Protein chains: 2
Amino acid sequence: MDETHVSQVRSFNRHVTRRIGALGGDYLGRGRPLAESRLLFEIGAGGADVRELRERLALDSGYLSRLLRALEADGLVACVQSADDRRARRAMLTRKGVREHGVLDRRSQAFARSLLGSLLPAQRGRLVAAMAEVERCLRASSVEIDVEDPCNTDAAACFDAYFRELAARFDRGFDPVQAGAGSVTEYAPPHGVLLLARLDGQAVGCAALRASGRGIGEIKRMWVAAHARGLGIAQRMIEALEQHATGLGFHRLRLDTHHALTEARALYVRNGYREIERYNDNPYADHWFEKRVVRRSGARREVART
Amino acid sequence: MDETHVSQVRSFNRHVTRRIGALGGDYLGRGRPLAESRLLFEIGAGGADVRELRERLALDSGYLSRLLRALEADGLVACVQSADDRRARRAMLTRKGVREHGVLDRRSQAFARSLLGSLLPAQRGRLVAAMAEVERCLRASSVEIDVEDPCNTDAAACFDAYFRELAARFDRGFDPVQAGAGSVTEYAPPHGVLLLARLDGQAVGCAALRASGRGIGEIKRMWVAAHARGLGIAQRMIEALEQHATGLGFHRLRLDTHHALTEARALYVRNGYREIERYNDNPYADHWFEKRVVRRSGARREVART
DNA sequence: TCCATTGCCTGACTTTAGTCAGGCATCGCG
DNA sequence: CGCGATGCCTGACTAAAGTCAGGCAATGGA
């Protein structure tokens with residue numbers, strides 16, 4: 001990894017979080033502890049379930065309870081029993097709370113405005129574009145790709161979303177049974193593998209490998225949720241699949257795909273998959289690809305260093 | 001100001017500071033309170049004056065004293081009397097402190113590495129470039145340009161640096177007296193104005209206006225420190241001068257410059273200054289410019305909104 | 001030499017942020 | 001219905017972070 005890259009990230013961390021964090025902490029200051037303000041902000045106009053708040057802010061249950069009590073004492077928040085589970089509670093802003101929330105919101109806006117205000121118009125555009133890029137990249141860097149059990153609920157949800165998307169994109173719809181989808185246990189060791197990509201804990205993509213003849217693996221169910229595309233997740237998953245392939249005893253990987261899935265085809269071509277003759281009777285497939293895989297020592301070094 | 005810009009800045013603030021700040025706080029954790037670790041980091045290998053630390057970290061004098069005492073008790077820091085002022089003290093790292101500082105430094109590096117590690121190589125380059133851009137823009141946005149007394153020491157330092165730079169860049173050197181430099185009080189109200197640009201409190205640029213005939217102002221001493229160039233400071237100063245011009249009763253601004261100062265000439269041309277005939281006998285000048293100035297209502301609205 | 005100022009230290013506080021162990025009500029399954 | 005799990009609350013703590021008023025020693029200009 002490039003050392004100048006590392007030091008640039010460190011410099012960014014030091015300077016930007018100091019400048020933005022300092023001001024950010026300041027604008028929230030309303031004579032109220034920071035945690036309370038954040039909580040008020042997080043509850044928002046529509047209210048929020050207590051358990052949701054606890055997760056979003058990563059707070060201890062007792063501590064959160066106390067914070068809510070404090071806001072309640074100030075008349076900013078009212079807690080009501082949840083309709084469907086009378087143990088659960090929901091925090092709502094009172095009229096006064098909504099007003100206070102508005103003040104915080106306006107402060108946050110004023111801060112952003114003051115930041116941009118002292119820039120020339122051309123610089124503003126550049127700053128905003130660069131900020132969006134940093135945000136996108138950090139999002140990408142927080143995606144985790146791991147082997148998971150193909151029978152778990154998140155895997156099932158991904159498969160489901162994948163099938164629904166195929167049905168929407170293919171002219172004639174899509175039926176998994178006709179496509180020859182076997183049991184998902186095909187994607188479990190020792191003869192297969194399933195990868196899930198997670199962003200903030202939520203599953204946003206999947207990719208699987210199953211046996212398909214002596215020494216041959218087949219890539220199946222390569223999918224990334226629409227809102228998580230453009231983050232390089234598919235690329236990372238395909239690289240990860242190839243890493244696993246040799247361990248599973250595959251020296252060749254193949255796959256089928258459909259002409260409507262142009263991004264997928266581009267992905268395979270970019271990664272050195274060559275188009276081959278039809279090798280199965282999947283009625284939805286009209287393109288078939290193959291690639292010889294070998295354990296790459298360079299890639300292993302990179303992994304070891306991170 | 002564009003509202004989508006404002007909301008992008010807010011989104012950046014929320015997401016990036018949370019992600020980077022959270023991890024940043026974490027890696028510093030060494031069983032030691034965060035403030036102590038930050039202090040250790042800030043003292044650095046070369047040591048630092050206590051007053052300097054107080055300013056950089058914006059800490060209460062008493063609190064800082066206590067933190068230093070704590071680090072001293074752990075054998076990480078030693079405080080010595082300053083040589084030139086026996087009231088002042090200087091904090092130095094002990095051998096053990098240097099070791100600990102190294103650990104923190106390595107952690108910070110490891111964090112940056114882990115951030116980059118889960119990105120594809122192409123993304124890394126993009127992230128780093130965008131980070132550098134954000135940093136630069138934020139630096140630019142923290143530059144403050146204000147009217148100051150032309151007799152104060154920072155102004156004098158700027159003039160001095162300006163003259164030294166001219167001397168270095170002109171073939172025949174530069175002598176302010178020959179150039180017709182009068183008293184700096186010419187740049188004070190009611191007939192003139194001096195602007196200083198400050199970055200983190202330090203003066204990094206100047207620009208002045210003085211009377212030069214009925215209704216005519218002259219731009220003088222337009223200078224930006226080498227390390228603060230490329231931040232749009234000169235552009236902002238020239239805009240600010242033009243704002244002040246009408247208030248001082250000038251409807252025309254003129255200036256002279258030297259062919260070696262190519263950036264300056266480009267700046268004037270870009271801002272609508274037209275080249276005119278020689279209007280003075282400054283032996284160092286070989287280009288003369290002029291611009292008619294009017295109070296721009298659009299610009300005023302922009303200022304009012306920030 | 002005097003005296004206001006500066007620089008740092010100390011003691012005595014307060015507030016914020018968080019942790020932990022229980023406790024009570026409710027839920028959902030068998 | 002009983003029982004373990006879940007969801008929230010409370011009391012009792014602790015550590016960290018920060019504030020404030022004074023105090024002593026050194027400084028520097030009148």
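In this text the structure is predicted, and so the values were computed from the model without any measurement. Both backbone and side-chain heavy atoms feed into the values below; hydrogens, waters and symmetry mates do not. First the proteins, then the strands, lettered A, B, ... as listed; each starts at 1.
- Taking 4.0 Å as the cut-off between side-chain N and carboxylate O, A:Glu36 and A:Arg66 do not count as a salt-bridged pair.
- Between the C1' atom of C:dC8 and the CG atom of B:Leu64 lies a distance of 9 Å, rounded to the nearest Å.
- Phosphate contact (OP1/OP2 of C:dG7, side-chain N/O of B:Arg89, threshold under 4.0 Å): absent.
- With hydrogens and angles left out, the side chain of B:Arg87 and the base of C:dT6 share a donor-acceptor pair within 3.5 Å.
- Ring geometry for A:Phe12 versus B:Phe12: interplanar angle over 60°, hence perpendicular rather than tilted (30 to 60°).
- Salt bridge status for A:Glu100 with A:Arg32: present, with a side-chain N to carboxylate O gap under 4.0 Å.
- Between A:Arg56 and A:Glu52, at least one side-chain N (NZ, or NE/NH1/NH2) sits under 4.0 Å from a carboxylate O, which counts as a salt bridge.
- Here the nucleotide nearest the side chain of A:Pro33, chosen from C:dC8, D:dA17, C:dA17, is C:dA17.
- Here C:dT14 presents its P atom at 18 Å from OH of B:Tyr63, a figure rounded to the nearest Å.
- Rounded to a whole Å, the CZ atom of B:Arg38 is 11 Å from the C1' atom of D:dA17.
- In this structure, the nucleotide among D:dT27, D:dT19, C:dC8 sitting nearest to the side chain of B:Asp60 is D:dT19.
- Remark: C1' of C:dA17 and CG of A:Leu34 are 10 Å apart, rounded to the nearest angstrom.
- Rounded to an integer number of Å, the gap from B:Arg86 CZ to C:dT6 P is 19 Å.
- Here C:dG18 is the nucleotide among C:dT10, D:dC8, C:dG18 with the atom lying nearest to any side-chain atom of A:Leu59.
- Between B:Arg66 and D:dA16 there is no side-chain polar atom (N or O) within less than 4.0 angstrom of OP1 or OP2.
- Backbone-only contact: B:Arg54 has heavy atoms under 4.0 Å from sugar-phosphate atoms and none from a base.
- One atom, CG of A:Leu39, and another, C1' of C:dA17, lie 14 Å apart when rounded to the nearest Å.
- Proximity note for B:Arg51 (side chain, C-beta onward) versus C:dC27, D:dT27, C:dC8: the nearest is C:dC8.
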